[in-house]
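What follows is a set of notes on a single structure, which appears directly below.
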Amino acid sequence: MRRIASMLLAAACATSVVVLPDAATAQAEGVDVGQSDTPPADWLDQLRQATAKYKDPKVAEQDGYERADDCWEFPYTLPGGERLGGMGYHYANTRLIEDPKIELMRPEILVYVPDGHGGRELGAVEYFQRDRDQRIATVDDRPTLLGHEFQGPMGPHVDGMPIHYDLHLWIFKENPKGMFEQWNPSVKCPAGATHGHG
């Protein structure tokens, strides 16, 4: 996680710009790229197609997503013992994190979940934006995507991570709490894994 932390710390301190699908696709769908937060009707299919190659973590690494070995799981329970759940392993792409644009088809982070057999499978994509003024008390630069506000600003999860916003989309593994929820109750880290939590 220290490598991820250093990558996130290097993230550009700029106002976010939301970019939906590439210009040709967007024009065909009537979307004004970079100006509109209105996605094409088939945005979910497009996003799954654009990221399906990353079902193989090795392909993700070849494309600049750095492997992480901390499995993220929320360590506390709600009243009555209900688990908030887990996320899994975050593979961050430094180049995309440093780019201030938020592009639907190019998530900054890929989230892999334990497959129950010692492997990992792609569960979610995550969008990341550094908080401009690095103050948790201000929210004037909160990004939105697909009509959903990013969560945050939130403090560092590990040493060196900046105050930031993020948004998860559970597009490959169902989240019983909803696609845009941060924690997924159906994700559990394997016994003996190095655990991280937000």
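FYI, side chains are in, hydrogens and waters are out, and symmetry mates aren't considered; it's all heavy atoms of this structure. Computed from a predicted structure; not experimentally measured.
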Does any non-hydrogen side-chain atom of W72 lie less than 4.5 Å from one of V187?
no
Modelled atom types, side-chain donor and acceptor of R95 and Y65, under 3.5 Å:
no
Does E126 reach the side chain of P107, with side-chain heavy atoms less than 4.5 Å apart?
no
OH of Y76 to CZ of R83, rounded to nearest 0.5 Å, is 14.5 Å
Nearest heavy-atom approach of T138 to Y165 is O-OH, 3.6 Å
Before giving the answer on side chain to side chain contact (heavy atoms under 4.5 Å, CB included), spell out for E108 and V125 the whole-Å C-alpha distance, their side-chain angles and the decisive distance to 0.1 Å.
CA-CA 8 Å; E108 286 81 7; V125 296; over 6 Å; no
Please report whether the ring centroid of W183 lies less than 6.0 Å from that of H168.
no
I'd like to know whether Q182 forms a side chain to side chain contact (heavy atoms under 4.5 Å, CB included) with M154, so could you lay out the CA-CA distance, the side-chain angles of the two residues, the decisive distance to 0.1 Å, and finally the verdict.
CA-CA 12 Å; Q182 188 176 30; M154 58 189 78; 4.0 Å; yes
Do D141 and F150 have side-chain heavy atoms sitting under 4.5 Å apart?
no
Any carboxylate oxygen within less than 4.0 angstrom of a Lys/Arg side-chain nitrogen, looking at E121 and K55?
no
Test your reading of the model: is there a side-chain donor-acceptor pair from D166 to the backbone of G152, 3.5 Å cut-off?
no
Rounded distance [0.5 Å steps], CG in L110 versus CD in E66
12.5 Å
Do R106 and D63 sit within salt-bridge range, that is, some charged N less than 4.0 Å from a carboxylate O?
no
Got a sec: does the NZ of K177 have more than 12 other heavy atoms crowding it under 6.0 Å?
no
Gap separating the OG1 atom of T77 from the CG atom of L84, nearest 0.5 angstrom
8.5 Å
So, taking the atom named CG in L167 and the one named CG in L145, what distance separates them when rounded to the nearest 0.5 Å?
6.0 Å
K53 with E61: basic N within carboxylate O range, under 4.0 Å
no
Any side-chain heavy-atom pair from M87 and E73 closer than 4.5 angstrom?
no
Compare all side-chain heavy atoms of Y112 with those of Y91 and state whether any distance is below 4.5 angstrom.
yes
Can you tell me how far apart CD (E181) and NE2 (H148) are? Round to the nearest 0.5 Å.
10.0 Å
Matching residue for K173 among V113, L122, V111 - test: side chain to side chain contact (heavy atoms under 4.5 Å, CB included):
V113
Over all heavy atoms of both residues, which pair between R135 and D133 is shortest? Give the atoms and the distance, please.
N-OD1, 3.0 Å
Between Y89 and D70, is there a side-chain heavy-atom distance shorter than 4.5 Å?
no
I'd like to know if the side chain of Q134 and the backbone of I163 have a donor-acceptor N/O pair within less than 3.5 Å.
yes
Side chain to side chain contact (heavy atoms under 4.5 Å, CB included) assessment of I109 paired with L96:
CA-CA 9 Å; I109 301 168; L96 295 178; over 6 Å; no
Starting at OG1 of T51, measure out to CD1 of I171 and round the result to the nearest 0.5 Å.
3.5 Å
Minimum heavy-atom separation for F128 to P162, with atom names?
CZ-CG, 4.3 Å
Between R142 and D140, is the closest basic N to carboxylate O distance under 4.0 Å?
no
Are M105 and F180 connected, step by step, through hydrophobic side chains (Ile, Leu, Val, Met, Phe, Trp, Tyr) whose heavy atoms are closer than 4.5 Å?
yes
To check you understand the geometry: which heavy-atom pair defines the closest contact between A92 and I97, and what is its length?
CB-CD1, 3.8 Å
Pairing of D56 and K58 as salt bridge, 4.0 angstrom limit
no
Side chains of P185 and N175: does their closest heavy-atom pair fall under 4.5 Å?
yes
Please lay out, stage by stage, how D131 and H164 fare under the test side chain to side chain contact (heavy atoms under 4.5 Å, CB included).
CA-CA 5 Å; D131 180 66; H164 64 282; 5.6 Å; no
Is there a path of hydrophobic side-chain contacts, each under 4.5 Å between heavy atoms, that joins L169 and L44?
yes
Side-chain heavy atoms of D69 within contact of R67, under 4.5 Å
yes
